[in-house]
There are 2 protein chains.
Amino acid sequence: MGLLGGLWTPELLWALSDGPRRFSELRRNCPYISAKVMTNKLRELERRNVLTRTAMPTSPPTVEYELNPHGQELLPAIRTIVDVGSRLLLREAV
Amino acid sequence: MGLLGGLWTPELLWALSDGPRRFSELRRNCPYISAKVMTNKLRELERRNVLTRTAMPTSPPTVEYELNPHGQELLPAIRTIVDVGSRLLLREAV
DNA sequence: CAGTATCCATTTCGATACTG
DNA sequence: CAGTATCGAAATGGATACTG
(Lines give C-alpha, C1' and ligand atoms only; values in the text may rest on other atoms or scores of the structure.)
Protein backbone atom coordinates (compact mmCIF):
# COMPACT_ATOMS: atom_id res chain seq x y z
CA MET A 1 0.00 0.00 0.00
CA GLY A 2 2.91 2.30 0.52
CA LEU A 3 3.52 1.78 -3.15
CA LEU A 4 -0.02 2.07 -4.42
CA GLY A 5 -0.58 4.83 -1.92
CA GLY A 6 -1.92 8.12 -3.00
CA LEU A 7 -5.35 8.66 -4.34
CA TRP A 8 -4.29 8.85 -7.95
CA THR A 9 -1.58 6.25 -8.27
CA PRO A 10 -3.87 3.45 -9.43
CA GLU A 11 -5.48 5.70 -11.99
CA LEU A 12 -2.11 6.65 -13.41
CA LEU A 13 -0.93 3.06 -13.58
CA TRP A 14 -4.22 2.14 -15.11
CA ALA A 15 -3.78 4.73 -17.83
CA LEU A 16 -0.36 3.29 -18.55
CA SER A 17 -1.56 -0.26 -18.58
CA ASP A 18 -1.84 -0.69 -22.30
CA GLY A 19 1.28 0.92 -23.53
CA PRO A 20 3.56 3.93 -23.22
CA ARG A 21 1.97 7.31 -22.78
CA ARG A 22 3.18 10.87 -23.04
CA PHE A 23 2.77 13.38 -20.28
CA SER A 24 -0.01 15.25 -22.01
CA GLU A 25 -1.84 12.04 -22.84
CA LEU A 26 -1.82 11.11 -19.21
CA ARG A 27 -3.18 14.52 -18.35
CA ARG A 28 -6.02 13.99 -20.76
CA ASN A 29 -6.69 10.57 -19.31
CA CYS A 30 -6.73 11.86 -15.76
CA PRO A 31 -8.04 15.40 -16.02
CA TYR A 32 -8.52 15.75 -12.30
CA ILE A 33 -4.89 15.28 -11.43
CA SER A 34 -3.03 18.56 -11.30
CA ALA A 35 0.28 18.78 -13.12
CA LYS A 36 2.07 19.03 -9.84
CA VAL A 37 0.65 15.90 -8.31
CA MET A 38 1.09 14.06 -11.57
CA THR A 39 4.75 14.98 -11.78
CA ASN A 40 5.27 13.99 -8.16
CA LYS A 41 3.62 10.64 -8.64
CA LEU A 42 5.45 9.88 -11.85
CA ARG A 43 8.77 10.72 -10.28
CA GLU A 44 7.95 8.63 -7.26
CA LEU A 45 6.95 5.67 -9.39
CA GLU A 46 10.12 6.07 -11.37
CA ARG A 47 12.14 6.07 -8.16
CA ARG A 48 10.29 3.00 -7.00
CA ASN A 49 11.20 1.27 -10.20
CA VAL A 50 7.73 0.76 -11.51
CA LEU A 51 7.99 2.75 -14.70
CA THR A 52 10.58 4.24 -16.98
CA ARG A 53 10.74 7.82 -18.12
CA THR A 54 12.19 8.56 -21.52
CA ALA A 55 12.81 12.14 -22.55
CA MET A 56 13.37 12.78 -26.22
CA PRO A 57 15.51 15.81 -27.03
CA THR A 58 13.06 17.18 -29.55
CA SER A 59 11.55 20.60 -29.64
CA PRO A 60 9.03 20.85 -28.17
CA PRO A 61 10.15 18.20 -25.70
CA THR A 62 8.53 14.80 -25.67
CA VAL A 63 8.53 12.53 -22.67
CA GLU A 64 7.24 9.02 -22.58
CA TYR A 65 6.32 6.96 -19.57
CA GLU A 66 6.14 3.22 -19.69
CA LEU A 67 5.54 0.50 -17.15
CA ASN A 68 8.52 -1.76 -16.67
CA PRO A 69 8.19 -5.44 -15.69
CA HIS A 70 7.75 -4.51 -12.04
CA GLY A 71 4.93 -2.22 -13.00
CA GLN A 72 3.32 -4.93 -15.09
CA GLU A 73 3.13 -7.09 -12.02
CA LEU A 74 1.01 -4.48 -10.31
CA LEU A 75 -1.62 -4.59 -13.01
CA PRO A 76 -3.57 -7.59 -11.71
CA ALA A 77 -3.95 -5.82 -8.40
CA ILE A 78 -5.12 -2.62 -10.03
CA ARG A 79 -7.47 -4.54 -12.26
CA THR A 80 -9.04 -6.30 -9.31
CA ILE A 81 -9.43 -3.04 -7.46
CA VAL A 82 -11.07 -1.36 -10.42
CA ASP A 83 -13.26 -4.38 -10.83
CA VAL A 84 -14.46 -4.66 -7.29
CA GLY A 85 -14.75 -0.91 -7.12
CA SER A 86 -17.13 -0.71 -10.01
CA ARG A 87 -19.27 -3.52 -8.68
CA LEU A 88 -19.60 -1.68 -5.39
CA LEU A 89 -20.45 1.54 -7.14
CA LEU A 90 -23.26 -0.22 -8.96
CA ARG A 91 -24.66 -1.43 -5.67
CA GLU A 92 -24.51 1.98 -4.09
CA ALA A 93 -26.27 3.46 -7.08
CA VAL A 94 -29.13 1.04 -6.41
CA MET B 1 -9.45 3.72 -3.64
CA GLY B 2 -11.49 6.11 -1.60
CA LEU B 3 -12.75 3.03 0.13
CA LEU B 4 -9.51 1.17 0.52
CA GLY B 5 -7.82 4.44 1.28
CA GLY B 6 -5.76 4.88 4.35
CA LEU B 7 -2.57 3.08 5.03
CA TRP B 8 -4.08 0.56 7.36
CA THR B 9 -7.41 -0.26 5.84
CA PRO B 10 -6.19 -3.23 3.82
CA GLU B 11 -4.40 -4.63 6.82
CA LEU B 12 -7.52 -4.42 8.93
CA LEU B 13 -9.67 -6.05 6.28
CA TRP B 14 -7.02 -8.66 5.84
CA ALA B 15 -7.08 -9.46 9.53
CA LEU B 16 -10.83 -9.86 9.31
CA SER B 17 -10.68 -12.00 6.23
CA ASP B 18 -11.05 -15.35 7.87
CA GLY B 19 -13.76 -14.70 10.36
CA PRO B 20 -15.01 -12.35 13.04
CA ARG B 21 -12.48 -10.70 15.30
CA ARG B 22 -12.66 -8.83 18.55
CA PHE B 23 -11.18 -5.40 19.01
CA SER B 24 -8.26 -6.63 21.04
CA GLU B 25 -7.54 -9.41 18.57
CA LEU B 26 -7.32 -6.86 15.81
CA ARG B 27 -4.97 -4.82 17.90
CA ARG B 28 -2.74 -7.83 18.33
CA ASN B 29 -2.86 -8.53 14.63
CA CYS B 30 -1.97 -4.98 13.74
CA PRO B 31 0.22 -3.77 16.56
CA TYR B 32 1.28 -0.65 14.73
CA ILE B 33 -2.18 0.79 14.44
CA SER B 34 -3.00 3.05 17.34
CA ALA B 35 -6.33 2.53 19.06
CA LYS B 36 -7.52 5.83 17.76
CA VAL B 37 -6.83 5.13 14.11
CA MET B 38 -8.23 1.65 14.47
CA THR B 39 -11.46 2.93 15.94
CA ASN B 40 -11.75 5.54 13.23
CA LYS B 41 -11.18 3.02 10.48
CA LEU B 42 -13.58 0.50 11.91
CA ARG B 43 -16.27 3.11 12.27
CA GLU B 44 -15.65 4.31 8.75
CA LEU B 45 -15.82 0.81 7.36
CA GLU B 46 -19.01 0.25 9.28
CA ARG B 47 -20.46 3.42 7.83
CA ARG B 48 -19.41 2.32 4.39
CA ASN B 49 -21.23 -0.92 4.89
CA VAL B 50 -18.26 -3.19 4.64
CA LEU B 51 -18.37 -4.75 8.09
CA THR B 52 -20.72 -5.18 10.98
CA ARG B 53 -20.04 -4.26 14.57
CA THR B 54 -21.65 -6.33 17.27
CA ALA B 55 -21.38 -5.22 20.87
CA MET B 56 -22.23 -7.78 23.50
CA PRO B 57 -23.50 -6.36 26.79
CA THR B 58 -21.16 -8.43 28.90
CA SER B 59 -18.74 -7.20 31.51
CA PRO B 60 -16.09 -6.58 30.45
CA PRO B 61 -17.56 -5.53 27.13
CA THR B 62 -16.98 -7.62 24.06
CA VAL B 63 -17.23 -6.27 20.56
CA GLU B 64 -16.97 -8.29 17.42
CA TYR B 65 -16.29 -7.08 13.94
CA GLU B 66 -17.17 -9.11 10.91
CA LEU B 67 -17.03 -8.55 7.19
CA ASN B 68 -20.43 -8.49 5.57
CA PRO B 69 -21.03 -9.61 1.97
CA HIS B 70 -19.84 -6.27 0.62
CA GLY B 71 -16.65 -6.67 2.58
CA GLN B 72 -16.18 -10.18 1.27
CA GLU B 73 -16.20 -8.80 -2.23
CA LEU B 74 -13.20 -6.66 -1.40
CA LEU B 75 -11.11 -9.64 -0.40
CA PRO B 76 -9.92 -10.63 -3.86
CA ALA B 77 -8.56 -7.13 -4.32
CA ILE B 78 -6.81 -7.18 -0.95
CA ARG B 79 -5.45 -10.60 -1.64
CA THR B 80 -4.01 -9.54 -4.96
CA ILE B 81 -2.46 -6.48 -3.39
CA VAL B 82 -0.89 -8.49 -0.61
CA ASP B 83 0.29 -10.98 -3.15
CA VAL B 84 1.89 -8.59 -5.56
CA GLY B 85 3.21 -6.61 -2.63
CA SER B 86 5.09 -9.52 -1.20
CA ARG B 87 6.54 -10.48 -4.55
CA LEU B 88 7.85 -6.98 -4.98
CA LEU B 89 9.29 -6.98 -1.49
CA LEU B 90 11.16 -10.14 -2.31
CA ARG B 91 12.65 -8.52 -5.38
CA GLU B 92 13.71 -5.46 -3.47
CA ALA B 93 15.33 -7.63 -0.85
CA VAL B 94 17.50 -9.13 -3.60
C1' DC C 1 5.31 20.35 -24.41
C1' DA C 2 6.57 19.13 -19.97
C1' DG C 3 7.32 20.57 -16.40
C1' DT C 4 8.73 24.00 -11.50
C1' DA C 5 7.77 27.06 -7.74
C1' DT C 6 4.84 28.77 -4.13
C1' DC C 7 1.50 28.82 -0.91
C1' DC C 8 -2.28 26.92 1.45
C1' DA C 9 -6.14 23.61 2.98
C1' DT C 10 -7.25 19.15 4.27
C1' DT C 11 -6.57 14.63 5.80
C1' DT C 12 -4.27 11.21 8.26
C1' DC C 13 -1.41 9.47 11.71
C1' DG C 14 0.52 9.10 16.22
C1' DA C 15 1.36 9.65 21.28
C1' DT C 16 -0.58 10.23 25.54
C1' DA C 17 -3.95 10.21 28.92
C1' DC C 18 -8.50 9.11 30.55
C1' DT C 19 -13.23 6.16 31.12
C1' DG C 20 -17.69 3.16 31.63
C1' DC D 1 -12.14 -4.68 27.42
C1' DA D 2 -13.13 -1.28 24.20
C1' DG D 3 -12.95 2.58 23.56
C1' DT D 4 -12.82 8.59 23.67
C1' DA D 5 -10.41 13.18 24.03
C1' DT D 6 -6.88 16.20 22.90
C1' DC D 7 -2.95 17.92 20.64
C1' DG D 8 0.36 18.11 17.37
C1' DA D 9 3.29 16.43 13.30
C1' DA D 10 3.40 15.19 8.68
C1' DA D 11 2.01 13.80 4.31
C1' DT D 12 -1.02 14.82 0.46
C1' DG D 13 -3.58 17.42 -2.61
C1' DG D 14 -4.98 21.72 -5.14
C1' DA D 15 -4.76 26.50 -7.36
C1' DT D 16 -2.09 29.62 -9.67
C1' DA D 17 1.68 31.43 -12.02
C1' DC D 18 5.99 30.88 -14.34
C1' DT D 19 9.84 28.49 -17.70
C1' DG D 20 13.44 26.08 -21.06
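Small disclaimer: the values here were computed from a predicted structure and weren't measured. Chain letters run A, B, ... following the sequence lines, proteins first, then strands; residues in each count from 1.
B/L42 places its CG atom 13 Å from the P atom of C/dC13, with the value rounded to the nearest Å. For the pair B/N40 CG and D/dA2 P, the interatomic distance rounds to 17 Å; values are reported in whole Å. Going from atom CD of B/E11 over to atom C1' of C/dC13 covers 14 Å, rounded to whole Å. Between B/W8 atom CH2 and C/dT12 atom P the separation is 15 Å, expressed in whole Å. With rounding to whole Å, A/E44 atom CD is found 13 Å from D/dG13 atom C1'. Distance, A/R27 CZ to C/dG3 C1': 10 Å, rounded to whole Å. In this structure, CD of B/E46 is placed 14 Å from C1' of D/dA2, rounded to the nearest angstrom. When rounded to the nearest whole Å, the span between CE of A/M38 and P of C/dG3 equals 9 Å.
Here the OG1 atom belonging to B/T80 is positioned 11.5 Å from the CG atom belonging to A/L74, to the nearest 0.5 angstrom. Distance check, rounded to the nearest 0.5 Å: CD1 of A/I33 to CG of A/L26 gives 8.5 Å. Once rounded to the nearest 0.5 Å, the distance linking CD of B/Q72 with CG of B/L16 reads 9.5 Å. Atom-to-atom distance recorded for A/I81:CD1 and B/I78:CD1 is 8.0 Å, nearest 0.5 angstrom. Atom-to-atom distance recorded for A/L75:CG and A/W14:CH2 is 7.5 Å, nearest 0.5 angstrom.
B/L13 and B/Y32 end up in the same hydrophobic cluster when Ile, Leu, Val, Met, Phe, Trp and Tyr side chains are linked at under 4.5 Å.
Screening A/R53, A/R21, A/M56 for a side chain to side chain contact (heavy atoms under 4.5 Å, CB included) with A/V63, the sole residue that qualifies is A/R53.
A donor-acceptor contact shorter than 3.5 Å links the side chain of A/E25 to the backbone of A/R22.
Look at A/R79 and A/D83 and you find no salt bridge, because none of the NZ, NE, NH1 or NH2 atoms lies under 4.0 Å from a carboxylate O. Salt bridge B/K41/B/E44: present, at least one basic N to carboxylate O contact under 4.0 Å.
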Please list, for nucleotides 4-10 of chain C, all pairs of protein and nucleotide N/O atoms separated by less than 3.5 Å.
from: C/dT4; atom 1: OP1; to: A/R43; atom 2: NE; distance (Å): 3.4
from: C/dT4; atom 1: OP1; to: A/R43; atom 2: NH2; distance (Å): 2.5

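Remark: B/S34 is not in phosphate contact with C/dA15, judged by side-chain N or O atoms under 4.0 Å from OP1 or OP2. A close approach under 4.0 Å does occur between a side-chain nitrogen or oxygen of B/R22 and OP1 or OP2 of D/dA2. Contact annotation: B/R28 side-chain N/O to D/dC1 OP1/OP2 distance is not under 4.0 Å.
Checked against D/dG13, D/dA2, C/dC1, the side chain of A/K41 finds its nearest nucleotide in D/dG13.
Stem regions for DNA chain D, each three or more consecutive Watson-Crick or G-U pairs with both distances under 3.5 Å and listed by first number, read C:1-20 with D:1-20.
Of the residues in residues 58-66 of chain A, A/P61 come within less than 4.0 Å of DNA chain D through at least one heavy atom, sorted by number.
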Give the C-alpha distance, both sets of side-chain angles, the deciding distance and a yes or no for side chain to side chain contact (heavy atoms under 4.5 Å, CB included) between B/N40 and B/R43.
-> CA-CA 5 Å; B/N40 287 351; B/R43 293 274 196 264; 5.9 Å; no
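Residue A/T9 comes nearest to A/L45 through the heavy atom pair CG2-CD2, 3.9 Å, listed as atom of the first residue, atom of the second, then distance.
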